Amino acid sequence: MASLWVRENGQRGTIKPKANFDAEKDAAALKDAIEGLGTNEKVLIEILTQRSNDQRQLICKAYEKATGRTLEKDLKGDTGGNFEKLLLALITPPAAYDCHEVTRAMKGAGTKDCILIEIFASRSKQQIKALKDVYLNETKKDLIEKLGSEVSGDFSKALILLAKGERDGSDSVDVGKAKEDAETLYKAGEKKWGTDESKFIEILCKRSIPQLRQILIEYKNISGKTLQQSIEGEMSGELEELLVAVVKCAKSLPAYFAELLHESMKGGGTDESTLTRIMVSRSEIDLLDIRAEFKKLYQHSLRSDIESDVSGEYGDCLKAICGGDD
């Protein structure tokens, strides 16, 4: 299953499968690191950040076989805080990790919309199907129904369309159709008193990514503004945030994630949950491209931001996932 998360953008991750991999040997080293006097965090970081997710699943099995305990339980008992959360994220299969983040976003009072927006705007329909399958398997409930009870209005309509995975998967571009859609969006927004949100939702949540890119070009030709500018001018709240995220993801996933990483570390505090989620979930897909976009957008490296923003084992582990200082 993890291969879905590796395949999406080719091999542009910072984490690759380790050659001459030996799950039993790694499990034994982790056991020693955890059971010794004081935990050897260096060993935990070295092993868990230098193996692919598929390989980590094999280590988890070997660990349980060797100790009679799960690696998850031992990490929970032996580490803490953001470092623990990061290690647990690394040993979770990607679809299950996405599913648990979506579940966390719906827990307690008020929904954490920014997590739902990030995941459903950026994942492919195959990845969304995989996370829904995990949700059904773990809770015996339908995720679409659960989302419907958590969010409302036009935001709910758009989010559920994305969660249903109704986006066209084709790679071909129909320029005539893109011009038509751009015209429809222009008439539904800029050219009209009041905005017809349903047209924006239908087009942005259903057209294929290559087709959306063409629509962005055609829209600029017709209106003189970018579609993002129009959405920001015409809409507000969660719907605006979601549709802007869809547009940004269609243009460039790496640039979208670079911006979110920058936001998570800017200003007074650090948003560790976003930082952890993006670093882990993109580590085998496109983190190299995210690093390049980050440098382009902010004139310094992602690694230098991590270095100045987080410290201790959590910081060391993030730097190990990030890799080079480019």
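Bear in mind that the values here come from a model prediction, so they are computed numbers and not experimental data.
Heavy atoms from other residues, nucleotides or ligands lying under 6.0 Å from NZ of K16 number more than 12. Remark: E46 CD is loosely packed, at most 12 non-hydrogen atoms of other residues, nucleotides or ligands lying under 6.0 Å away. Within 6.0 Å of NZ in K164 there are 12 or fewer heavy atoms belonging to other residues, nucleotides or ligands. For K132, the NZ atom counts as densely surrounded, since its 6.0 Å shell holds more than 12 non-hydrogen atoms of other residues, nucleotides or ligands. Within a 6.0 Å radius of NZ in K65, no more than 12 heavy atoms belonging to other residues, nucleotides or ligands are found.
Contact annotation: the side chain of D168 never approaches that of K206 to less than 4.5 Å [non-hydrogen atoms, C-beta and beyond]. Residues L275 and Y314 are in side-chain contact: their nearest non-hydrogen atoms beyond the backbone lie under 4.5 Å apart. V102 has its side chain out of reach of I115: every pair of non-hydrogen atoms, C-beta onward, lies at least 4.5 Å apart. Taking the side chain as every heavy atom from C-beta outward, S281 and E101 never approach each other to under 4.5 Å. The shortest side-chain heavy-atom distance between K129 and K125 does not fall under the 4.5 Å cut-off. Taking 4.5 Å as the limit, some side-chain heavy atom of L204 sits within range of a side-chain heavy atom of I231. Using a 4.5 Å heavy-atom threshold, the side chains of E263 and D271 count as separate. Inter-residue side-chain proximity for L90 and I321 is flagged as met; some heavy-atom pair is nearer than 4.5 Å.
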CA sep, side-chain torsions, deciding dist, call: K199, E202, salt bridge (charged side-chain N to carboxylate O under 4.0 Å, His left out): CA-CA 5 Å; K199 296 281 194 292; E202 172 79 12; over 6 Å; no
Verdict with supporting geometry, Q127 and I285, side chain to side chain contact (heavy atoms under 4.5 Å, CB included): CA-CA 12 Å; Q127 289 172 327; I285 302 176; 3.9 Å; yes
Evaluation steps, side chain to side chain contact (heavy atoms under 4.5 Å, CB included), between K112 and S273: CA-CA 12 Å; K112 296 176 189 72; S273 71; over 6 Å; no
Derivation of the side chain to side chain contact (heavy atoms under 4.5 Å, CB included) call for L216 and V247: CA-CA 8 Å; L216 297 181; V247 167; 3.9 Å; yes
Verdict with supporting geometry, K225 and E234, salt bridge (charged side-chain N to carboxylate O under 4.0 Å, His left out): CA-CA 12 Å; K225 276 185 180 177; E234 298 284 325; 6.0 Å; no
Verdict with supporting geometry, I222 and L185, side chain to side chain contact (heavy atoms under 4.5 Å, CB included): CA-CA 10 Å; I222 292 167; L185 292 172; over 6 Å; no
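Just one of Y256, Y298, F257 meets the ring pair (Phe, Tyr, Trp, His ring centres under 6.0 Å) condition when paired with H262; it is Y298. When E84, K42, E41 are each tested for a side-chain contact (heavy atoms from CB on, under 4.5 Å) with E313, only one passes: E41.
When all heavy atoms of K319 and I306 are compared, the pair lying nearest together is CG-CG2, 3.9 Å. Scanning all heavy atoms of the two residues, the minimum distance from C317 to F83 falls at CB-CE1, 4.0 Å. The shortest heavy-atom contact between P93 and N53 is CA-OD1, 3.5 Å. Contact between Y63 and D74 at its shortest, heavy atoms only, is OH-OD2, 2.6 Å. Taking each heavy atom of I203 and L212 in turn, the nearest pair found is O-CD2, 4.1 Å. Pairing each heavy atom of A158 with each of I201, the nearest pair is CA-CG2, 3.7 Å.
Remark: I59 CD1 to D54 CG distance equals 11.0 Å, nearest 0.5 Å. Here the CZ-CD distance, from R123 to E118, works out to 6.0 Å after rounding to the nearest 0.5 Å. Atom CD of E64 and atom CD of E72 lie 10.0 Å apart (nearest 0.5 Å). Atom CE in M235 sits 13.5 Å away from atom CZ in F155 (nearest 0.5 Å). For the atom pair CE of M279 and CG of L287, the computed distance is 5.0 Å after rounding to the nearest 0.5 Å. Separating the CD atom in E166 from the CZ atom in R207 is a distance of 11.5 Å, to the nearest 0.5 Å.
A distance-only check finds a donor-acceptor pair linking the side chain of R303 to the backbone of G323 [under 3.5 Å]. Side-chain atoms of E241 do not come within 3.5 Å of backbone N or O of I117 as any donor-acceptor pair. Although no hydrogens or angles enter the test, the distance criterion places no donor-acceptor pair under 3.5 Å between the side chain of S223 and the main chain of K220. Using a distance-only test at 3.5 Å, with no hydrogens or angles considered, no donor-acceptor pair links the side chain of S208 to the main chain of D171. The main-chain N or O of A23 is never found under 3.5 Å from a side-chain atom of K61 such that the two would form a donor-acceptor pair. Checked by atom type and distance alone, the side chain of R167 never pairs as donor or acceptor with a backbone atom of L162 at under 3.5 Å. With hydrogens and angles ignored, the 3.5 Å screen pairs a side-chain donor or acceptor of R291 with a backbone N or O of C322.
Aromatic ring pairs are classed by plane angle as parallel below 30°, tilted from 30° to 60° and perpendicular above 60°; the pair F294 and H300 is perpendicular.
I45 and I91 fall within a single hydrophobic cluster, where Ile, Leu, Val, Met, Phe, Trp and Tyr side chains are chained together by heavy-atom contacts under 4.5 Å. Placement of I119 and V244 within a single hydrophobic cluster is found when ILVMFWY residues are connected by side-chain heavy-atom separations under 4.5 Å, directly or transitively. Linking ILVMFWY side-chain heavy atoms closer than 4.5 Å, directly or via other members, places V280 and V134 in two distinct hydrophobic clusters. Under a hydrophobic clustering in which Ile, Leu, Val, Met, Phe, Trp and Tyr are joined whenever their side-chain heavy atoms come within less than 4.5 Å, directly or via other members, I15 and L288 fall into different clusters. Under a hydrophobic-cluster definition in which Ile, Leu, Val, Met, Phe, Trp and Tyr are linked whenever side-chain heavy atoms come within less than 4.5 Å, directly or via other members, M265 and L297 are assigned to the same cluster.
Defined by atom type and a distance below 3.5 Å, a donor-acceptor pair is present between the side-chain atoms of E218 and Q214.
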Contacts under 3.5 angstrom, residues 138-148 side chains, donor-acceptor by atom type, not counting sequence neighbours:
from, atom 1, to, atom 2, distance (Å)
E138, OE1, H100, NE2, 3.0
E138, OE2, H100, NE2, 3.2
T139, OG1, Y135, O, 2.6
T139, OG1, K141, N, 3.1
K140, NZ, N137, O, 2.5
D142, OD2, I144, N, 3.4
D142, OD2, E145, N, 3.1
K146, NZ, E150, OE2, 3.0

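By the ring-ring contact (aromatic ring centres under 6.0 Å, His included) test, F21 is found to be paired with no residue, residues two or more places apart in sequence or in another chain being considered.
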